[in-house]
Amino acid sequence: MCQVFISADPHLYESRTRSVRLHGMATSIRLENLFWNVLDAIARRDGMSVPQLCTKLYDELIEARAEVGNFASFLRVCSGRYLALQLSGGIPQDASIPIASLNARRVLATEHWPMANRPGQAARQQVLAAA
């Protein structure tokens with residue numbers, strides 16, 4: 001099992017800090033190169049740069065949650081969910097199809113993370129099922 005994981009190119013797990021402007025304020029985000037690569041793929045799909053994507057995600061997170069805890073962790077989770085949703089068929093493999101053009105409820109209905117033990121998860125599932 002370990003050989004599958006330890007054979008990864010070390011460049012992928014090296015961290016890199018990028019400076020991003022979020023509404024005129026410069027902030028530094030430190031992520032592993034693998035995550036920067038995935039964020040780049042997400043951004044390109046919708047005709048954006050990575051800084052533009054980060055700003056969009058930040059704004060939408062503030063709008064939905066009114067706060068941002070650990071933004072770097074949020075970006076890592078976004079990257080993982082993007083890949084998982086591609087595998088589940090929720091996000092098409094065809095990179096010419098923008099994510100913004102997809103029906104979010106349909107995409108999320110394909111998500112198969114084991115979240116049954118999370119508080120409030122049953123209520124979230126009911127909202128998605130009703131939509």
Would a hydrophobic clustering, with Ile, Leu, Val, Met, Phe, Trp and Tyr connected at side-chain separations under 4.5 Å, put Val77 with Phe35? no
Under the side chain to side chain donor-acceptor pair (under 3.5 Å) rule, collect the residues that match up with Asn103, sequence neighbours excluded. none
Hphob cluster co-occupancy, Ile97 + Leu39, side-chain heavy atoms under 4.5 angstrom: yes
Those residues that, when tested against Asp46, pass salt bridge (Lys or Arg N to Asp or Glu O under 4.0 Å) (two or more places apart): none
If a pair satisfies salt bridge (Lys or Arg N to Asp or Glu O under 4.0 Å) and one of its residues is in residues 9-35, list it, with sequence neighbours excluded. Glu32-Arg76
List for me each residue that meets side-chain contact (heavy atoms from CB on, under 4.5 Å) alongside Ser7, sequence neighbours excluded, and say none if there are none. Gln3
Closest approach of Pro98 to Ser101 (non-hydrogen atoms, all atoms of both residues): O-OG, 2.7 Å
Here the pair of heavy atoms bringing Cys54 nearest to Ile29 is SG-CD1, 4.4 Å
Which atom pair, heavy atoms only, marks the closest approach of Ile42 to Cys78? CD1-O, 4.4 Å
Close side-chain approach of Arg44 and Asp40, heavy atoms under 4.5 Å: yes
Can you tell me if Gln93 uses its side chain to pair, donor with acceptor, with the backbone of Gln86 under 3.5 Å? yes
Do Phe74 and Arg65 have side-chain heavy atoms sitting under 4.5 Å apart? no
Is it possible for you to say whether Leu87 and Leu85 belong to one hydrophobic cluster, with membership spreading through side-chain heavy-atom contacts below 4.5 Å? no
Considering all heavy atoms of both residues, which atom of Ala26 and which atom of Ser19 are nearest to each other, and what is their separation? CB-OG, 4.2 Å
Nearest heavy-atom pair of Leu22 and Thr27: which atoms, and what distance? CD1-CG2, 3.7 Å
Residues 38-65 vs ring pair (Phe, Tyr, Trp, His ring centres under 6.0 Å), sequence neighbours excluded, gives Tyr58-Phe71
So which atom in Trp36 and which in Leu31 form the shortest heavy-atom distance, rounded to 0.1 Å? NE1-O, 3.3 Å
Apart from Leu12 itself, what residues make up its hydrophobic cluster when side-chain heavy atoms of I, L, V, M, F, W and Y under 4.5 Å apart count as a link, directly or indirectly? Leu34
Single-linkage hydrophobic cluster, 4.5 Å side-chain cutoff, Leu108 and Tyr82 together: no
So CG of Leu53 and CG of Leu75: to nearest 0.5 Å the spacing works out to 7.5 Å
So how far is it from Arg45 CZ to Ile99 CD1, rounded to the nearest 0.5 Å? 5.0 Å
